[in-house]
Amino acid sequence: AQRAGATVVCHSVNQGKATAVNTGFGYIRGLRPRAMVMIDGDGQHCADDIPTVLAPILESRADVVIGSRFLQIKSAIPAYRQVGQHGLTMMTNLASGVSVSDSQSGFRAFSAHALDQLSFSQGGFSIESEMQFLAREHRLRIAEVPIKVIYAEPAKRSPIAHGVQVLNGILRLVSQTRPLLFFGMTGMALFVSGITLGLYILDIYIRTQMLAIGYSLLMVLLCVLGVLVFFAGIIMHSTRSMLSELRRCLIERMSTERAAAQAWHGENVFEGVGDRHMSAR
């Protein structure tokens, strides 16, 4: 890539995909491009599709464009990959509240606005799923375009292990970005299970006139745990909303200060040019 004229930014130690993408995004922000393309390095994507993926960004129709493998173009994708990809896409769509046809595609384009908003915390290979959560949080416009893919080489890692890793990342994302949904639903499920068990205990008592002590203790545990988890979700949701608002205010303040600094620098440059021009005269 360097011999071809590319600028290559390297890590001395492999720190994972999320760190690599964060480093790339950070470097590119300094260049202030109009758009950026991210493409997986395993050879499955075709560079000829770059103009197609870029088009919605350049036409100001989207902030994030996903090159989807499941739209009009039908590629020879192994059946087991399709099952796993559709399953992870369904999970990501439900959890993030953003619906796409290919949540795991590594062929994407981003606007300058999206570059400023996106920063990834997830390790492993759940970074594409995290983008949907961040897009919803920052209200980024998402578009999809059809792309072709080539699976000429066998998978480098176990598809099952890869899928479990991504699924684990999705669950972490839900707990972090939508705590009320994650902990609220979990708490309600535990509480309803406790109430259901309580009805079963009542039925046993009516039929036998005996109290099922073991079941009763389990019922109390489920109900108490359900209430605690539910209120923990409410507290974390409120805390996260407060932190998100604080972060938004900080970003707006930094943007205002940056604009003021640029304006001040421009005025000084103009005055310096004017002074030199007067001296020359």
Side-chain angles (χ1 to χ4, degrees), residues 1-2 4-9 17-18 20-79 81-93 96-120 125-136 138-153 155-156 162 166:
Q2 286 176 330
T7 298
V8 179
V9 181
K17 183 174 182 179
V21 174
N22 277 331
T23 298
F25 274 44
Y27 178 84
I28 291 169
R29 283 189 196 102
L31 304 177
R32 305 307 302 169
R34 183 179 174 188
M36 184 203 78
V37 173
M38 183 178 82
I39 186 169
D40 280 345
D42 56 5
Q44 68 171 273
H45 299 304
C46 301
D48 293 344
D49 287 329
I50 289 178
T52 302
V53 178
L54 269 176
I57 300 291
L58 300 180
E59 296 169 3
S60 300
R61 292 189 287 112
D63 296 306
V64 179
V65 179
I66 300 173
S68 175
R69 295 163 287 186
F70 304 111
L71 292 178
Q72 292 93 337
I73 300 175
K74 302 300 181 183
S75 301
I77 303 175
R81 284 180 178 265
Q82 293 193 47
V83 172
Q85 289 160 357
H86 285 306
L88 291 173
T89 294
M90 182 180 68
M91 286 288 297
T92 304
N93 289 349
S96 67
V98 176
S99 181
V100 300
S101 65
D102 189 0
S103 70
Q104 303 306 305
S105 173
F107 196 174
R108 301 178 177 227
F110 305 89
S111 67
H113 175 62
L115 275 174
D116 289 335
Q117 300 296 324
L118 296 177
S119 179
F120 308 104
F125 292 87
S126 57
I127 186 171
E128 285 82 9
S129 296
E130 186 175 2
M131 288 183 191
Q132 284 181 231
F133 286 83
L134 292 174
R136 180 179 183 273
H138 298 293
R139 299 177 182 178
L140 301 176
R141 298 169 298 164
I142 294 182
E144 290 188 285
V145 295
I147 60 168
K148 52 187 176 291
V149 287
I150 302 170
Y151 288 96
E153 299 180 6
K156 293 182 292 184
H162 176 73
V166 174

Taking side-chain contact (heavy atoms from CB on, under 4.5 Å) as the definition, give me every residue that meets it alongside [X], ordered by chain and number, with sequence neighbours left out.
| X | result |
| --- | --- |
| Ala4 | none |
| Met36 | Phe25, Ile28, Met38, Phe110, Leu115 |
| Ile50 | Val37, Ala47, Leu54, Phe107 |
| Ser99 | Asn93 |

Applying salt bridge (charged side-chain N to carboxylate O under 4.0 Å, His left out) as the test, list every pair that has at least one member in residues 97-106; sequence neighbours left out. Arg69-Asp102

Just grab all the salt bridge (charged side-chain N to carboxylate O under 4.0 Å, His left out) pairs involving residues 55-68, residues at least two apart or on different chains. Glu59-Arg61, Asp63-Arg141

Using side chain to side chain donor-acceptor pair (under 3.5 Å) as the criterion, list what pairs up with [X], not counting sequence neighbours.
| X | result |
| --- | --- |
| Glu144 | Ser101 |
| Ser96 | Gln132 |
| Thr52 | none |

Contacts of His86 that satisfy ring-ring contact (aromatic ring centres under 6.0 Å, His included) - sequence neighbours left out: Phe70

Candidate pair Ser105 and Val100, rule side chain to side chain contact (heavy atoms under 4.5 Å, CB included), full reasoning: CA-CA 10 Å; Ser105 173; Val100 300; over 6 Å; no

Given side chain to side chain contact (heavy atoms under 4.5 Å, CB included), test Val98 with Met131 step by step and report yes or no. CA-CA 10 Å; Val98 176; Met131 288 183 191; over 6 Å; no

Given side chains that start at C-beta, do those of Gln117 and Leu134 come closer than 4.5 Å, heavy atoms only? no

Are side-chain N/O atoms of Ser129 and Gln104 paired as donor and acceptor at under 3.5 Å? yes

Go through the steps for His138 and His113 under the test side chain to side chain contact (heavy atoms under 4.5 Å, CB included), then give the verdict. CA-CA 10 Å; His138 298 293; His113 175 62; 5.9 Å; no

Step by step, work out the side chain to side chain contact (heavy atoms under 4.5 Å, CB included) result for Val149 and His45. CA-CA 5 Å; Val149 287; His45 299 304; 3.7 Å; yes

Provide the full list of side chain to side chain donor-acceptor pair (under 3.5 Å) pairs with a residue in residues 24-33, sequence neighbours left out, each pair given once. Arg32-Asp116

